[in-house]
Amino acid sequence: MRIEINPNIPVNNCKICGRRPVIEQTKDRWIILCPNAACRNTIADKLINVTAWNKLNP
């Protein structure tokens, strides 16, 4: 299940397609990913790591 990130949270758009990322939860990880499946731009961590996403997508 994908969850949209609250608009009040400062998060950079995907550097490949420009779309706002979404969050997905697996058993043991939170994944921030681009909703465009063609991009395959993701960050996975035990916590929601917006800082790592912003470093990857300046």
Side-chain angles (χ1 to χ4, degrees):
M1 182 171 113
R2 293 185 175 178
I3 304 166
E4 290 188 27
I5 298 174
N6 186 319
N8 294 327
I9 296 174
V11 62
N12 294 342
N13 291 340
C14 176
K15 69 180 177 182
I16 299 169
C17 70
R19 294 181 68 184
R20 187 167 174 86
V22 294
I23 298 173
E24 190 172 279
Q25 183 182 16
T26 62
K27 268 187 173 179
D28 62 341
R29 300 228 180 254
W30 287 93
I31 304 169
I32 300 177
L33 64 134
C34 179
N36 184 358
C39 285
R40 297 185 183 155
N41 194 359
T42 65
I43 293 288
D45 204 345
K46 292 195 181 232
L47 299 173
I48 300 172
N49 196 344
V50 175
T51 306
W53 174 266
N54 286 340
K55 284 182 183 177
L56 181 68
N57 296 283

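In what follows, residues are counted from 1 in the order of the sequence shown. Values reported hereafter were calculated over all heavy atoms of this structure, with side chains retained and with hydrogens, waters and symmetry mates removed.
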Give me the atom names and distance for the closest heavy-atom approach of Arg20 to Pro7.
NH2-CA, 3.7 Å
Roughly how far apart are Arg29 CZ and Ile43 CD1, rounded to 0.5 Å?
11.5 Å
Could you give all pairs that pass the salt bridge (Lys or Arg N to Asp or Glu O under 4.0 Å) test and reach residues 44-58, with sequence neighbours left out?
none
Leu56 side chain near Asn54 side chain, heavy-atom distance below 4.5 Å:
no
Pairing residues for Asn13 by the side-chain hydrogen bond (donor to acceptor under 3.5 Å, both in side chains) criterion, not counting sequence neighbours:
none
With Asn6, which residues qualify under side chain to side chain contact (heavy atoms under 4.5 Å, CB included), at least two apart?
Asn8, Ile9
Ile31: which of Asn49, Thr42, Ile48 passes side-chain contact (heavy atoms from CB on, under 4.5 Å)
Thr42
What's the separation between atom CZ in Arg19 and atom CG in Leu33, rounded to the nearest 0.5 Å?
10.5 Å
Side chain to side chain donor-acceptor pair (under 3.5 Å): which pairs involve residues 31-41, sequence neighbours left out?
Asn41-Asn57
Would you find a donor on one side and an acceptor on the other, under 3.5 Å apart, between the side chain of Trp30 and the backbone of Ile23?
no
Of all heavy-atom pairs between Val11 and Trp53, which one has the smallest distance, and what is that distance?
CG2-CD1, 3.4 Å
Partners of Arg2 by side-chain hydrogen bond (donor to acceptor under 3.5 Å, both in side chains), sequence neighbours excluded?
Glu24
Shortest non-hydrogen contact between Pro21 and Ile5, atoms and distance:
O-CD1, 3.6 Å
